[in-house]
S.K.: 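First, the structure itself, so that you have it in front of you.
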Amino acid sequence: MSSTENPGAGSQQVPSPETAGPDAVTPDAVTPDAGTPAAPTPEAAGLADPTAGAADVPGPEGAAAEGVAAEGALAEGAPAEEAPAEEAAVPGPVAVPEQAAPVPAAPEPAVAASSDPARWGRVDEDGTVYVRTADGERAVGSWQAGDPAAGLAHFARRYDDLATEVSLLEARLRAHTGNPTEIKAKAQALADSIPTATAVGDLDGLAARARAMVDTADSAAAESRAEKAAARAAQVARKEALAAEAEQIAAESTSWKAAGDRLKAIVEEWKTIRGIDRKTDEALWSRFAAARDAFGRRRGAHFAALDVQRGEARAAKQELIAEAQRLSTSTEWGPTSAAMRSLMDRWKAVPRTGRDGDDDLWKQFRAAQDVFFTARAESDKARNSEQLANQQAKEELLAEAEKLDPSTDLRGAQAALRRIQERYDAIGHVPRGAMRSLEDRMQAVEQRVRGAVDAGRVRTAPENPMVASMRAAVTKAEEQLAKAEAAGDTRRIEEARANLATRREWLSEAERSASRR
């Protein structure tokens, strides 16, 4: 079974079902081939969405394959023994002799074409297929493979292929996803070929759409160029902002770690920015690289100066440690305590040398001070123990003095009081907090005895000025001793003790002299 399409075209041999096999197709059932294959788009009238799966809507290759498969199905419907072995090429429609006419195959259901082929074409009684255009009807081929509706559907699918290609070009032109010049050339080729295409459909309208693309390609190219220029300007602006940020970091930032991390992040972001011409990109990169290098130099200089400063601080702290170690064995508690406090103030004024190094130096310095202050604390503990013993001794003497009764034996009470006072004065220092209460108790006993003496006299004389002066001198000497002990100055303490002992002797002598009068 065979057919010819264009007038003047030679007939071609169609393989039999036995030769072609059950899955073979007969592309020569109708010739010439369909138009340029392309995937369908939603814009084509009555076409399916080209983004749909291949199972639903055939692409450009799939659409052509579907048409070829349909032809194969028609060819396979004829019995193998009835297919002629060879046909001679004849111009125009093929005239099949009656004795050679094949037995018609079972009618195949017509495949409906999306372009409504009955509106745009027809198949006459001898199988010639015509398409209707503004210029009238034009023969596009011949269909001898079965039902005329199937033939129209076959040529309509060729139209659909052309419409799909036009729709795809229109979509690319609108979306600016292709080269406008290339799209214009393809649209011009379609506009030239569609009017003579072997297809059934609205060829005039389809050709007009292709010509419209040719007319609008230049403006679309301009829009595409403008969009690309805007996109390029945006990318340039992003890199300019990054370069400016890097320059600001290089000039101002002293947060070395955070700034260094930010420069690394800028490099990674920089890599993602594309679409900039090479000259501009290199100029912007030079700015960024210069800023990064400037920051690196400034950070290096900072840490170099910091290393020098830390070295000087380490040397200064080592000197303080050596001085503290020399003073650690001193027993001059007052002066050495003041010197240790001065060393501490000087230590605080020296900058840090770094966490690890500074901690080690501090431990050495503190250890030397601890040696001295521990020894002083032991000395203070021993001295406090001695003073507590002295306090207890003086309290025992005061208890003895408070038992004296001058009202029964005035002279005996006076003599006993003088002996108690001599023993009392010979006892060393007592804790500072107890000193005043002990002195007050002793003065109360003295006043009681003196009051008894005065009560025995007819006239009372005022207190001897010498005794009052000596008593004031003793009080002042006690205050000086207390101050020397508080300062921890050994020399001043010894001098104050000697002065107080002398003043007390003078007071005792003055009181004895006054009492004898």
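Just so you know, these numbers use all the heavy atoms, side chains as well, and skip hydrogens, waters and symmetry mates.
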S.K.: CD1 of Ile249 to OG1 of Thr254: how many Å apart, nearest 0.5 Å?
M.R.: 11.5 Å

S.K.: Assess Arg292 against Phe295: is NZ or CZ under 6.0 Å from the centre of the six-membered ring, and within 45 degrees of the ring's axis?
M.R.: no

S.K.: Assess whether a salt bridge exists between Glu268 and Lys264, defined as any Lys/Arg side-chain N lying under 4.0 Å from an Asp/Glu carboxylate O.
M.R.: no

S.K.: Roughly how far, to the nearest 0.5 Å, is the CD1 atom of Ile266 from the NZ atom of Lys271?
M.R.: 13.5 Å

S.K.: Please give me the minimum heavy-atom distance between Ala246 and Leu263, naming the atom from each residue.
M.R.: CB-CD2, 3.9 Å

S.K.: Given side chain to side chain donor-acceptor pair (under 3.5 Å), test Asp126 with Thr128 step by step and report yes or no.
M.R.: CA-CA 6 Å; Asp126 62 0; Thr128 302; 3.2 Å; yes

S.K.: Thr272 versus Arg238: any side-chain heavy-atom pair under 4.5 Å?
M.R.: yes

S.K.: Is there a salt bridge (charged side-chain N to carboxylate O under 4.0 Å, His left out) between Asp261 and Lys257 once you walk through the steps?
M.R.: CA-CA 6 Å; Asp261 291 343; Lys257 178 65 169 60; 2.7 Å; yes

S.K.: Is any side-chain heavy atom of Lys186 closer than 4.5 Å to a side-chain heavy atom of Arg172?
M.R.: yes

S.K.: Once rounded to the nearest 0.5 Å, what's the spacing between atom CZ of Arg287 and atom CG of Leu242?
M.R.: 10.5 Å

S.K.: What are the two closest non-hydrogen atoms of Ile276 and Asp281, and how far apart are they?
M.R.: CG2-N, 3.9 Å

S.K.: Looking at residues at least two apart in the chain, or sitting in another chain, which of them share a ring pair (Phe, Tyr, Trp, His ring centres under 6.0 Å) with Phe288?
M.R.: Trp270, Trp285

S.K.: Only pairs at least two apart or in different chains count here, so list each salt bridge (charged side-chain N to carboxylate O under 4.0 Å, His left out) that has a residue in residues 315-335.
M.R.: Lys317-Asp358, Glu323-Arg346

S.K.: Is the side chain of Glu247 donor-acceptor paired with the backbone N or O of Ala291 at a distance under 3.5 Å, no angle test?
M.R.: no

S.K.: Go through Ser167 and Arg209 one step at a time and tell me if the side chain to side chain donor-acceptor pair (under 3.5 Å) criterion holds.
M.R.: CA-CA 9 Å; Ser167 297; Arg209 287 168 60 188; 3.0 Å; yes

S.K.: Any chance you could measure Gln325, atom CD, to Gln364, atom CD, to the nearest 0.5 Å?
M.R.: 7.0 Å

S.K.: Identify the heavy atoms of Leu361 and Ile321 that sit nearest to each other, and give their distance.
M.R.: O-CD1, 3.4 Å

S.K.: Measuring from Thr198:OG1 to Leu162:CG, what's the distance to the nearest 0.5 Å?
M.R.: 8.0 Å

